[in-house]
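Side-chain atoms are counted along with the backbone in the values below, which use heavy atoms only and exclude waters and symmetry mates.
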Amino acid sequence: MSVCSKLCSLVQSHPSMFHATNLLSTTPQNPLPYYLLTKCIALLQSCASSKHKLRQIHAFSIRHGVSLHNPDMAKHLIFTIVSLSAPMSYAHNVFTMIHNPNVFTWNTMIRGYAESQNPSPALHFYRLMIVSCVEPDTHTYPFLLKAISKSLNVREGEAIHSVTIRNGFQSLVFVQNSLLHIYAACGYTESAYKVFELMKERDLVAWNSVINGFALNGRPNEALTLFREMSVEGVEPDGFTVVSLLSACAELGALELGRRVHVYLLKVGLSENSYVTNSLLDLYAKCGSIREAQQVFSEMSERNAVSWTSLIVGLAVNGFGEEALELFKEMEGQGLVPSEITFVGVLYACSHCGMLDEGFNYFKRMKEEYGILPRIEHYGCMVDLLSRAGLVKQAYKYIQNMPVQPNAVIWRTLLGACTIHGHLDLGEIARSHILKLEPKHSGDYVLLSNLYASERRWSDVQVVRRSMLKDGVKKTPGYSLVELGNRVYEFTMGDRSHPQSQDVYALLEKITELLKLEGYVPLTANVLADIEEEEKEQALCYHSEKLAIAFMLLNTAPGIPIRVVKNLRVCADCHVAIKLISKIYDREIVIRDRSRFHHFRGGSCSCKDYW
């Protein structure tokens, strides 16, 4: 007989003793009600993994009058609900029936929301707690700060930081780690580092938070320095430390730094950690070193769906579409279930290989065979697939018939296709939709201007330029990153702050002359500035990616590949120029722009001049 059944029998044999009024004041001197209460609590403590059992015990307690007025019963019920990750609406409903909840119960509710998908109510509960004159304790702030960090609300974090100082909790390790995580996650690396410096005890969590903060906010040199300090202080890194470093290197395109982390993880025996190896694979793919990514994949002792997906997407965005599709077939042959992200890579590969029928077939299989509901990214791939095939009108009809609302990215894809294939009317329609969704995106003015320029409608080009000024739209400043000697260097258009600027600009002058000998003519129509033709040519010459390439040509040996990460889309003029530079200097030049990878070799590009 189960415990619940035994309790039911007990209640039936002593009905008067289990009346609700008796249970409100259950004590050891009132043995049977007290026994029932303690058994309910014991049952709650025992249902560590069963939400169904939790609800049965709760129903039993209600049926037999075990009231939530009893603080022990209320505390344990709320705690069990939160511990089992049951819906917070359930916990909230129970909480509203508790009279005068104690600090433990308030903390449990704050913790529950902090660990849920919707952490925002945690801050509301904290404020209610203060209004209810319940004094927070040492457990309140770590949970609260965790909720704030998930919301990336740095202002609230700063406010709670000041409260912890006033209440004397700022020296608690859990509070300090939570504050450190908030500042680092929100990009406030200086504030994070100040908290870190003031910590008397720095555990692995603290080191990981500050390293991750610097790494993901464009300061890999500081991240590496802290990593060395961590080793000197005798703190053993874990997989999270290495994953943080690899992720940062991947975002920055810092291939050499990533290779050093690779050597380190081999030394410390982390090469069998699947999270680490997946991050390593992602690093090489995002740095454009797809062969190294394939090598990591082939050496993995255990490959999960994430591993296969990372390589499929990596191959696709690097222009190896056919290899990506072959790998997908192999993945299916292994019996692994592809995810929605896997299909983004597959559809992207079909688009860039011009495999129109195959793309629609995979889209159909995704829905029918795998039951994956297409997301906006999948529809975007299909629009791109049609656009690249020159079927611009069909792409427009596809957008009109989509079951989801098209976003600015999809309309921008159509606008780009109209520019390439010369569909002025559709281009203007696409632009009108973009204006409603993202009215001040500078790149759209450039695309529309290019479309008018391709039709030689120069008066409309001037109208676009004037409207850009009138609307107060400024072009997003472009920058390019290159890595040399374990340092990442940043270049912006016309930048002369670098110590080697004089040599860089002198080499650019030489490169321009060599380009002209190869038949290069600057594409000045894309310059959205009302300046003379000669000034336009000079402006194009000093784009950030050209400065970065010149710097690398000066500082690397012949034959060494040059890798550049740019925050914006590569312009048409730079694309033509870099193709010729790769031929003149016999260099492989890999550029990762906002849209994709460009592998320039021998005067051609992997994108086949469509990007």
Side-chain angles (χ1 to χ4, degrees), residues 181 184-185 189 192-193 196 202-304 306-307 309-311 313-314 317-318 481-490 552 556 560-565 590 592 597:
H181 178 69
T189 50
Y193 190 67
F196 182 75
R202 298 170 182 170
D203 59 10
L204 181 58
V205 174
W207 284 100
N208 281 344
S209 293
V210 73
I211 288 171
N212 193 49
F214 277 118
L216 295 183
N217 287 287
R219 298 178 67 175
N221 294 328
E222 288 90 338
L224 187 59
T225 300
L226 281 165
F227 181 62
R228 287 174 184 147
E229 288 180 17
M230 176 181 173
S231 301
V232 169
E233 291 200 14
V235 180
E236 282 293 320
D238 62 359
F240 184 83
T241 320
V242 174
V243 167
S244 297
L245 288 173
L246 290 172
S247 299
C249 295
E251 292 305 313
L252 293 169
L255 180 60
E256 291 305 318
L257 179 58
R259 283 172 175 158
R260 291 184 64 186
V261 177
H262 187 178
V263 171
Y264 173 81
L265 69 89
L266 289 172
K267 286 181 179 177
V268 298
L270 285 170
S271 57
E272 298 300 314
N273 184 313
S274 61
Y275 294 104
V276 170
T277 50
N278 283 336
S279 296
L280 188 61
L281 192 160
D282 187 59
L283 160 79
Y284 287 126
K286 285 183 176 177
C287 288
S289 185
I290 201 66
R291 298 307 169 208
E292 287 181 278
Q294 288 175 312
Q295 185 177 346
V296 170
F297 182 79
S298 66
E299 293 174 354
M300 282 182 171
S301 58
E302 182 182 342
R303 299 171 192 159
N304 55 25
V306 175
S307 315
T309 297
S310 295
L311 188 54
V313 173
V317 299
N318 276 277
L481 304 174
V482 287
E483 184 189 22
L484 182 70
N486 294 314
R487 281 193 63 189
V488 176
Y489 295 88
E490 180 179 321
M552 294 301 283
T556 57
I560 299 295
I562 294 172
R563 303 176 190 277
V564 182
V565 175
V590 181
R592 188 182 89 193
F597 278 89

Original post:
Glu222: what forms a salt bridge (Lys or Arg N to Asp or Glu O under 4.0 Å) with it, not counting sequence neighbours?
Top reply: Arg219
List the atom pairs, donor and acceptor, that lie under 3.5 Å between side-chain atoms in residues 261-268 and the rest of the protein, sequence neighbours left out.
unit_1	atom_1	unit_2	atom_2	d
His262	ND1	Tyr284	OH	2.8

Subject >> Results of side-chain hydrogen bond (donor to acceptor under 3.5 Å, both in side chains) for Thr556 - residues two or more places apart only >> reply: Arg587
Subject >> Residue list, side-chain hydrogen bond (donor to acceptor under 3.5 Å, both in side chains) with Thr277, at least two apart or on another chain >> reply: none
**OP:** Could you tell me which residues satisfy side chain to side chain contact (heavy atoms under 4.5 Å, CB included) with Asp282, sequence neighbours excluded, listed by chain and number?
**Re:** Ala250, Lys286
Subject >> Qualifying residues under side-chain hydrogen bond (donor to acceptor under 3.5 Å, both in side chains), relative to Glu299, sequence neighbours excluded >> reply: Gln295
**OP:** Mind checking side chain to side chain contact (heavy atoms under 4.5 Å, CB included) for Ser307 and listing every partner two or more places apart, or none if nothing turns up?
**Re:** Asn278, Phe297, Met300, Arg303, Asn304
Original post:
Partners of Glu233 by salt bridge (Lys or Arg N to Asp or Glu O under 4.0 Å), sequence neighbours excluded?
Top reply: Arg202
**OP:** Of all the heavy-atom pairs spanning Ala184 and Asn217, show the shortest one and how long it is.
**Re:** O-ND2, 3.3 Å
Subject >> Ala285 backbone acceptor or donor facing Asn318 side chain under 3.5 Å >> reply: yes
**OP:** Name all residues meeting the side chain to side chain contact (heavy atoms under 4.5 Å, CB included) criterion together with Glu272; count only those two or more places apart in sequence or in a different chain, and write none if there are none.
**Re:** Ser301
Original post:
Heavy atoms, side chains only, cut-off 4.5 Å: are Cys287 and Arg259 in contact?
Top reply: no
Subject >> Atom pair OG/CZ of Ser279 and Phe240 - distance to nearest 0.5 Å >> reply: 10.0 Å
Subject >> Partners meeting salt bridge (Lys or Arg N to Asp or Glu O under 4.0 Å) with Glu483 (sequence neighbours left out) >> reply: none
Original post:
If you take all heavy atoms of Leu245 and Ala223, which pair is closest and at what distance?
Top reply: CD2-CB, 4.1 Å
**OP:** Apply side chain to side chain contact (heavy atoms under 4.5 Å, CB included) to Met552 and Val564, showing your working.
**Re:** CA-CA 9 Å; Met552 294 301 283; Val564 182; 5.8 Å; no
Subject >> Pairwise side-chain contact, Thr225 with Glu229, heavy-atom cut-off 4.5 Å (strictly under) >> reply: yes
Subject >> Residues forming a salt bridge (Lys or Arg N to Asp or Glu O under 4.0 Å) with Arg291, sequence neighbours excluded >> reply: Glu323
Subject >> Gap separating the CG atom of Leu226 from the OH atom of Tyr193, nearest 0.5 angstrom >> reply: 5.5 Å
Original post:
What pair of heavy atoms forms the shortest contact from Ala254 to Val488, and how long is it?
Top reply: CB-CG2, 4.2 Å
Original post:
How would you list, by chain and number, every residue that makes a side chain to side chain contact (heavy atoms under 4.5 Å, CB included) with Thr241, sequence neighbours excluded?
Top reply: Leu204, Asn208, Ile211, Phe227, Met230, Pro237, Asp238
Original post:
Is Arg260 close to Cys249 at the side-chain level, that is, under 4.5 Å between some pair of heavy atoms?
Top reply: no
